Amino acid sequence: MSKEIYLTGDRPTGKLHIGHYIGSLKNRVKMQNSGQYDPFVMIADTQAFTDNARNPEKIHQALTEVALDYLAVGIDPKKTTIFVQSQIKGLFELTEYFMNLVSVARLQRNPTVKAEISQKGFGEGIPAGFLTYPVSQAADIAIFRATKVPVGDDQEPMLEQTRELVRSFNHAYHSDVLVEPVGVFPPKGQGRLPGIDGNAKMSKSLGNGIYISDDTDTMAKKVKAMYTDPLHINISDPGHVEGNIVFTYLDIFDTDKQRVQDLKDQYTAGGLGDMKLKKHLIEVMEAEMAPIRVRRQEYAQDIPAVLRMLQEGSNRANVIAEETMKDVRHAMGIDYFG
Ligand code: TRP
């Protein structure tokens, strides 16, 4: 029996940060190692072009950085097919056919796209490809007949759109060649790591991120600059745990829950300084991130090998995508010449 397929991906627009690691990469590695799935992980360069069309160098550079981040955190090319979106030609074809099964009005209602449009300040100049990227993303998922899509909470509208397109396709062409996927979301409270400035979202554009590739000193410096409790001025002052980012991070990185509770009690009572607390956070983060960083540096020694790995993954992904496309063309009746 063939295994259930999961597919997910990231736009290559920069190095991945520990928000990606906590919210998504860790879960992918766990699913990969469970042996229950046939995993596919895509570097979504085609999608990155939808808002970076005039900046190809950025995408090229980020492609290897993202691949290194994947390998470093334990996505294993022997278990997971790691591939590059632009190399899968069937995706462009399926996207084009999907485009006719969705209305412009429906695309304009997609809440994630709406938020991104206002955030990116396109004004009147929204690229057509940007408005339609959920259609291309639906093709990404459908072409591999993925049933599970491990992603952050913000991707739910994409999955909704994918299910609608799969249903429309199967209905329009009286077929059952495509399957509806479901999202696999991080556990509540673990999904989103805030930025070091306290902003709910860690992002490159906000400059509030800690990167998987950051060295010890850079990471320590960022933790030391982290937003805490503005009312906690003297060590002896009672402090607030609620809204204090250091505790948000400790809840995620420190596996000794009793110790975290003790620190919270001590902080609330007064007598625990921010620096001492942050030094502890640096220690637990370092324990988790140091081995990842070392592996990243090792892989970075041989970039041609990383590119070969991506090429091999793309070759395998193409074979699977082509199998689906044969069924798609047959369902649509466009396999005119056999
Ligand atoms: N939209 C996703 C992001 O911005 C990347 C992505 C592209 C994706 N295609 C996908 C995620 C298919 C899951 C499945 O991170």
Side-chain angles (χ1 to χ4, degrees), residues 4-17 19-25 27-28 31-32 37-52 58-59 62-63 65-67 69-70 75 80-88 90-92 94-95 98 107 110-117 119-120 129-166 178-186 191-193 201-205 209 212 313-314 317 320-321 324:
E4 203 176 350
I5 290 178
Y6 84 66
L7 175 128
T8 188
D10 301 276
R11 285 183 209 172
T13 50
K15 298 173 177 185
L16 300 180
H17 52 60
H20 294 117
Y21 172 63
I22 293 297
S24 169
L25 299 173
N27 192 28
R28 288 182 209 173
M31 286 174 77
Q32 163 195 274
Y37 301 95
D38 184 3
F40 285 76
V41 172
M42 176 178 69
I43 305 185
D45 62 337
T46 308
Q47 192 175 109
F49 271 97
T50 65
D51 63 338
N52 289 278
K58 175 170 154 187
I59 296 170
L63 186 95
E65 298 288 358
V66 170
D69 288 329
Y70 285 169
I75 297 181
T80 292
T81 303
I82 308 174
F83 69 101
V84 181
Q85 188 182 21
S86 61
Q87 305 308 300
I88 312 303
L91 284 177
F92 296 93
L94 186 57
T95 301
F98 272 180
L107 290 169
N110 184 309
T112 303
V113 175
K114 250 185 175 166
E116 282 174 312
I117 284 173
Q119 188 194 325
K120 288 173 199 292
F130 192 81
L131 187 67
T132 56
Y133 91 71
V135 180
S136 138
Q137 185 159 336
D140 299 339
I141 298 166
I143 210 167
F144 295 103
R145 293 176 165 124
T147 47
K148 297 265 162 69
V149 183
V151 278
D153 300 322
D154 63 325
Q155 296 292 303
E156 177 55 24
M158 305 301 159
L159 283 150
E160 193 55 51
Q161 192 115 56
T162 304
R163 286 188 290 268
E164 282 174 30
L165 278 161
V166 163
L178 302 180
V179 298
E180 289 184 44
V182 293
V184 181
F185 302 101
R192 182 156 275 186
L193 202 58
K201 195 177 151 100
M202 182 179 284
S203 89
K204 192 169 171 189
S205 50
I212 291 170
S314 301
I320 311 232
T324 307

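Every number for a ligand or one of its atoms is a count from 1 in the order of the listing. Keep in mind that this is a model prediction, so the values were computed, not measured. Along the sequence shown, the residues carry numbers beginning at 1.
Of the protein's non-hydrogen atoms, the one nearest atom 15 (O) of ligand 1 is Gly9 O, 3.9 Å. The nearest protein atom to atom 8 (C) of ligand 1, hydrogens excluded, is given as Gln137 NE2, 3.4 Å; this is a heavy-atom distance.
Proximity to Val149 (heavy-atom distance under 4.0 Å) selects the following atoms of ligand 1: 13 (C), 14 (C). Of all atoms in ligand 1, listed by their number and element, those nearer than 4.0 Å to a heavy atom of Ala44 are 7 (C). Near Leu7, meaning under 4.0 Å from one of its heavy atoms, ligand 1 places the atoms 12 (C), 14 (C).
Distances from ligand 1 to the non-hydrogen atoms of Met158 include no value under 4.0 Å.
Using a 4.0 Å cut-off between charged side-chain N and carboxylate O, Arg11 and Glu116 make a salt bridge. The residues Asp10 and Arg28 are annotated as salt-bridged, a charged nitrogen and a carboxylate oxygen being separated by less than 4.0 angstrom.
At a heavy-atom cutoff of 4.0 Å, ligand 1 is contacted by the side chain of Asp140 but not by its backbone.
Annotation: side chain of Ile212 is not in contact with side chain of Lys15 (no heavy-atom distance under 4.5 Å). A 4.5 Å side-chain heavy-atom check between Thr112 and Tyr133 finds at least one atom pair inside the cut-off. Between Lys114 and Ile117, every side-chain heavy-atom pair lies at or beyond the 4.5 Å cut-off.
Polar contact check, Gln155 against ligand 1: a nitrogen or oxygen pair lies under 3.5 Å apart. When only interatomic distances are considered, the shortest N/O to N/O separation between Thr8 and ligand 1 does not fall below 3.5 Å.
A donor-acceptor pair under 3.5 Å is formed between the side chain of Thr8 and the backbone N or O of Pro150.
With Gln47, Arg11, Gln85, Met42 as candidates, the residue nearest to atom 1 (N) of ligand 1 on a non-hydrogen basis is Gln47.
The residue from Tyr6, Phe83, Tyr37 that alone fulfils the ring-ring contact (aromatic ring centres under 6.0 Å, His included) condition with Phe144 is Phe83.
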